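Presented below is the structure to which this report refers.
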There are 2 protein chains.
Amino acid sequence: MPMRKDTAMRKVVERQTGVALWRQIADRIRLAISNGDYDATGMVPPETVLAGEFGVNRHTVRSALAALAEEGLVRAVQGRGTMIERKERVSYPISKRTRFSQGLGHQVKEIGTQLLGHAELPATSEVAKALGLSPGDPVTELRTVSSGDGRPLSVSSSYYPAHRFPRMAEEFERLHSVTKAFAAHGLDDYVRVSTEIVARHADAEELSMLKLSPGAIVLEAQSLNADLDGRPVEYSRSRFAADRMKLKIET
Amino acid sequence: MPMRKDTAMRKVVERQTGVALWRQIADRIRLAISNGDYDATGMVPPETVLAGEFGVNRHTVRSALAALAEEGLVRAVQGRGTMIERKERVSYPISKRTRFSQGLGHQVKEIGTQLLGHAELPATSEVAKALGLSPGDPVTELRTVSSGDGRPLSVSSSYYPAHRFPRMAEEFERLHSVTKAFAAHGLDDYVRVSTEIVARHADAEELSMLKLSPGAIVLEAQSLNADLDGRPVEYSRSRFAADRMKLKIET
DNA sequence: TATAGTTGTCTAGATCAATAGACATTTGAG
DNA sequence: CTCAAATGTCTATTGATCTAGACAACTATA
């Protein structure tokens, strides 16, 4: 029983949409890798096969694979084929007691959180609304980048009421932990109240901080933490490199 | 005090990345609209101004605006300018008791859930693992599209253990509600156990079902619901059009 | 050690994306 | 009514992307 291999198996890419074919194909192959479609061999199919599946020239497939090699996802070896170097997404848990480093601990060896900068500034209307302050009230902003195994995973801007937590920046710099910096101000426990998640294309700053290429996606989580009396203590906007992370919600 | 308007204000777009400039610009303007940056006038800045900000030719900006007009986001009027027609994202709540239509009720006037098809099939390893079955055990699959105010918001594939809920497809078709279809099988209550969220580029099927253009983003939520004894009753993969939705997590 | 199968490199041409400039058409304000 | 400001349309040109084909270089295996 012969099987139609041409049109029936063809993976569709669309033309004239502002996204180059090689980039569409790179996105599809990246997805296939992360889905485990090529786990049997640990290799991407040969360029000629991919070109046939997508209905494009082999050179177009080569451009796509070159982009994935640039990302460190695959490595081409002349004569052998193109091997998969990396496939997993790191899972980031979101629950009542989300603490960044805890949840990731067993998934990546090296976790680094780097403080990019801090400032004391008047709350914007967005931040004031979230923290239950009046616009213009002073808040401390911490800007951080977190990475796992050397790759940046997220950039965050976090805001704290400056009146209640006057030494937030110094304590964080000293202790390298938000939880410990809260403890230094006499706050021993806090819980996550709500999280809103949107996905969008990365802007220029995110592209550079997360080492992404244009067209890449970020998952933005806007989260609010409060003390056990329900008073907001932290509002943060974290942006995750979507191709490296998933968010796991635990209820 | 003069202010440098050229380089200081320039919004960066990157070239030769496989994403056409007009599409990068369309994405940035869409984001600015949803952020409310243009709320003061209700209009997008003039084409010549945008061209200056992005450092591109006016025709390139026109291509971007044409794409946004195609999406129904803006409408250009000769002689006046380009008006914003629509800006909001619909918020989709995720909590212990997420029910699709309830949470959206006050945000969109018309909610429609359309059954695309159903089938009884052997569980794949992914579905079996989630539902606590053995691979190959029979499951009922329901494939649906949901829309709000005429625009598609999500496509879902949901899986139910066929032994326990033998008439799932018929009951859903009759009652137009998963909750009621469960009730018809004697299950009165169920809760969400976990949700995993990833963001990625839409594949060809999603582009067509959600009426998106290539390069668009979907938020995929893989969720598991269980009865009050903790036995899994539903596993579903919902894919949301990311530019129309946000997910709100309530703990 | 051949040989099939794979990636690497080069050339040439066709199609799409972006720039540049000129001018028409419509709207709203003075 | 006139004019400035905005979008609409057209032509021409350049640079990026995609196709096509040929062949080189390398790897594993029979």
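A note on names: the letters A, B, ... follow the listed sequences, proteins ahead of strands, and every chain is numbered from 1. Hydrogens, waters and symmetry mates play no part in the numbers below; they use all other heavy atoms, side chains included. Since the structure is predicted, the reported quantities are computational estimates derived from the model, not experimental observations.
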Donor-acceptor pair, side chain of A:S134 and main chain of A:D137, under 3.5 angstrom: no

Starting at the 5' end of nucleotides 25-30 of chain C, put B wherever the base has a protein heavy atom under 4.0 Å, S where only the sugar-phosphate does, and a dash everywhere else. BBBS--

Expressed as a whole number of angstroms, how long is the span from A:M43:CE to C:dT6:C1'? 9 Å

Just how far, in rounded Å, is P of C:dA4 from CD of A:E47? 20 Å

Least distance between heavy atoms, A:V139 atom then A:P122 atom: CG2-C, 4.4 Å

Think B:T60 has a side-chain N or O under 4.0 angstrom from the OP1 or OP2 of C:dT19? yes

Looking at A:E206 and A:R200, is any side-chain nitrogen of the basic one under 4.0 Å from a carboxylate oxygen of the acidic one? yes

Tell me whether A:E70 at atom CD has more than 12 heavy atoms from other residues, nucleotides or ligands lying less than 6.0 Å away. no

Output the rounded distance in Å from CZ (A:R23) to P (C:dA17). 16 Å

Using whole Å, report how far CH2 of A:W22 lies from P of C:dA17. 14 Å

Under 3.5 Å donor-acceptor pair, A:R58 side-chain atoms to C:dG8 base atoms: yes

Any N or O donor-acceptor pair under 3.5 Å from the base of D:dG21 to the side chain of A:H59? yes

If you compare every side-chain N and O of B:T48 against the phosphate oxygens of D:dA5 (OP1, OP2), does one of them come in below 4.0 Å? no

Nucleotide C:dA12, atom P - distance to CG of A:N57 in whole Å: 17 Å

Considering only side-chain heavy atoms of B:R62, which listed nucleotide, D:dT7, D:dT19, C:dT19, is closest? D:dT7

Reckon A:S63 touches a base, only the sugar-phosphate, or nothing at all at heavy-atom distances under 4.0 Å? nothing

Under a 3.5 Å distance rule, please check whether A:R143 uses its side chain to pair with a backbone N or O of A:A119 as donor and acceptor. no

Rounded interatomic separation in angstrom, taking CD from A:Q24 and P from D:dC18: 9 Å

So, A:S156 versus A:S238: side-chain donor-acceptor pair below 3.5 Å or not? yes

Separation of D:dT7 atom C1' from B:L68 atom CG, nearest Å, is 15 Å

Locate the shortest heavy-atom distance separating B:R239 from B:L210; write the atom from each residue and the value. O-CD1, 4.0 Å

